Amino acid sequence: MYNTGDVTVICIAFNHEKWIEKALVSVLFQEYENRRLIVVDNGSSDQSAQIIRNWVENNAEKLPVSVIYKSKPEPYCQLFNDVLAQVETEYVVDLSGDDFLYPHHVLLSVKKLQEEPDASFLFSDATILEESGDSSSFYQPGQYKEIEKIILNGELYETLIRRNFISAPSVVFRTAILKANGGYDATLSYEDFDIQLRLARNNPVVFSGHIGVLKRKHSDSLSAGQYQIHKSRMLPSTLKVCGKIASMNTSERENQALKERILYELKHAVWSANFEVAKGFVELGKKLKMNGFEFFFYKCWLLLKVDISWLYARLI
């Protein structure tokens with residue numbers, strides 16, 4: 001039985017000494033009273049653990065907080081699942097130690113989720129902060145109506161297959177549904193693409209038109225190495241998720257969306273000289289009976305294994 005209306009924020013930090021205190025303060029300053037915080041230092045080699053320790057000592061009386069210190073880094077998805085097993089609140093937020101929540105985010109998100117009791121999660125807009133200091137909204141002006149239309153027409157799952165459509169840090173999950181679906185896939189190097197698809201496949205999803213989170217983009221983040229030359233950590237996981245999508249799809253439109261995704265990932269795989277995973281995308285494409293010049297071109301490139309990743313590294 002979950003504590004109705006309560007929210008747990010799981011904040012996992014790894015070498016986030018520059019930002020972790022701001023992340024924790026953002027939970028403290030939420031305009032929503034019924035919140036709890038679980039902080040995890042995932043074996044950081046910088047001062048993150050000490051900063052967390054000091055902050056908790058000074059703020060433990062202000063909100064319910066518990067802390068976990070790992071002696072060495074553990075895979076993110078499995079670590080999150082282990083912490084998720086402890087959560088007894090109706091809602092849960094996955095907050096990275098280098099991001100932070102705007103004060104109204106939890107309040108507005110819970111209010112919207114309470115209007116949709118069957119929804120698996122809510123997402124909102126976010127501020128994306130570049131290392132240069134430049135910032136922008138995740139969504140373009142006027143895009144909110146498009147998002148609402150996609151959800152209303154039952155097209156979110158298909159849209160998620162085609163493109164990165166949701167800012168993961170903005171998501172507020174309904175805990176029971178997340179747990180019922182097994183949480184994150186612990187075999188993957190990153191979580192958002194897979195879990196958003198699995199939940200959107202079978203459950204309603206809610207959008208709220210507020211900017212709820214600040215997401216930092218920096219060279220140390222996992223997403224920065226999505227198409228790392230020769231040894232991408234993320235591409236093998238993306239291939240595995242695409243294989244899952246093929247088994248979940250129920251229409252030709254969804255299969256067409258998957259073909260577009262495969263072509264996009266295959267392009268980046270060959271350009272970045274991740275040839276082994278590129279082979280996996282080709283095999284999956286063959287099972288879907290993909291054809292066309294572009295797919296043929298990348299198959300030939302893979303066959304010849306022409307490595308021009310030095311050029312790709314300059315272009316991206």
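Remember, it's a predicted structure, so these values are computed and weren't measured experimentally.
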**Item:** Pairs flagged by side-chain hydrogen bond (donor to acceptor under 3.5 Å, both in side chains) wherever residues 114-124 is involved - sequence neighbours left out
**Value:** none

For residues 138-147, tabulate all N or O donor-acceptor pairs below 3.5 Å that involve a side-chain atom, not counting sequence neighbours.
from: Tyr139; atom 1: OH; to: Phe165; atom 2: O; distance (Å): 2.6
from: Gln143; atom 1: OE1; to: Gln140; atom 2: N; distance (Å): 2.9
from: Tyr144; atom 1: OH; to: Asp125; atom 2: OD2; distance (Å): 2.7
from: Glu146; atom 1: OE2; to: Arg163; atom 2: NH2; distance (Å): 3.0

**Item:** Pair Tyr102-Thr127, side-chain donor/acceptor within less than 3.5 Å
**Value:** yes

**Asked** When you check the gap from the basic side-chain N to the acidic O, do Glu57 and Arg53 get nearer than 4.0 Å?
**Response** no

**Message:** I'd like to know whether Leu28 forms a side-chain contact (heavy atoms from CB on, under 4.5 Å) with Trp55, so could you lay out the CA-CA distance, the side-chain angles of the two residues, the decisive distance to 0.1 Å, and finally the verdict.
**Reply:** CA-CA 11 Å; Leu28 178 62; Trp55 189 89; 4.0 Å; yes

**Item:** Short N-O contact, Lys217 and Glu131, less than 4.0 angstrom
**Value:** no

Please report, to 0.1 Å, the donor-acceptor pairs under 3.5 Å made by any side chain of residues 280-294, with sequence neighbours excluded.
none

**Prompt:** Should the pair Asp6-Arg36 be classified as a salt bridge under the 4.0 Å nitrogen-to-oxygen rule?
**Reply:** yes

**Request:** Locate the shortest heavy-atom distance separating Asp192 from Ala168; write the atom from each residue and the value.
**Result:** CB-CB, 3.5 Å

**Message:** Would you say that Asp41 contacts Ile68 through its side chain, given a criterion of any heavy-atom pair below 4.5 Å between the two side chains?
**Reply:** no

**Request:** Output yes when Asp99 and Lys22 qualify as a salt bridge under the 4.0 Å nitrogen-oxygen rule, no when they do not.
**Result:** no

**Prompt:** Does the side chain of Thr238 come under 3.5 Å of the side chain of Tyr190 through a donor N or O and an acceptor N or O?
**Reply:** yes

**Message:** Between Asn34 and Tyr91, is there a side-chain donor-acceptor contact under 3.5 Å, judged purely by atom types and distance?
**Reply:** no

Check: residues 300-316 side-chain donor-acceptor pairs under 3.5 Å, at least two apart:
from: Trp301; atom 1: NE1; to: Val306; atom 2: O; distance (Å): 2.7
from: Asp307; atom 1: OD1; to: Ser309; atom 2: N; distance (Å): 2.9
from: Asp307; atom 1: OD1; to: Ser309; atom 2: OG; distance (Å): 2.6
from: Asp307; atom 1: OD2; to: His230; atom 2: NE2; distance (Å): 2.8
from: Ser309; atom 1: OG; to: His230; atom 2: NE2; distance (Å): 3.4
from: Tyr312; atom 1: OH; to: His268; atom 2: ND1; distance (Å): 2.8

**Request:** Would you give the length of the straight line joining atom OG of Ser26 to atom CD of Glu21, rounded to the nearest 0.5 angstrom?
**Result:** 11.5 Å

**Asked** Residues two or more places apart in sequence or in another chain: which of them pass side chain to side chain donor-acceptor pair (under 3.5 Å) with Glu148?
**Response** none

**Prompt:** Is there side-chain contact between Leu199 and Val205, with at least one heavy-atom pair below 4.5 Å?
**Reply:** no

**Prompt:** Excluding sequence neighbours, so at least two apart, what forms side chain to side chain contact (heavy atoms under 4.5 Å, CB included) with Glu33?
**Reply:** none

**Request:** Return yes if a side-chain donor-acceptor contact under 3.5 Å exists between His104 and His210, otherwise no.
**Result:** no

**Between Asp94 and Tyr184: side-chain donor-acceptor atoms closer than 3.5 Å** = yes

**Message:** Hydrogens and angles aside, do Glu265 and Tyr227 bring a side-chain donor and acceptor to less than 3.5 Å of each other?
**Reply:** yes

**Message:** Quick test of your reading of the model: are Asp98 and Arg216 salt-bridged, counting only N-O distances below 4.0 Å?
**Reply:** no

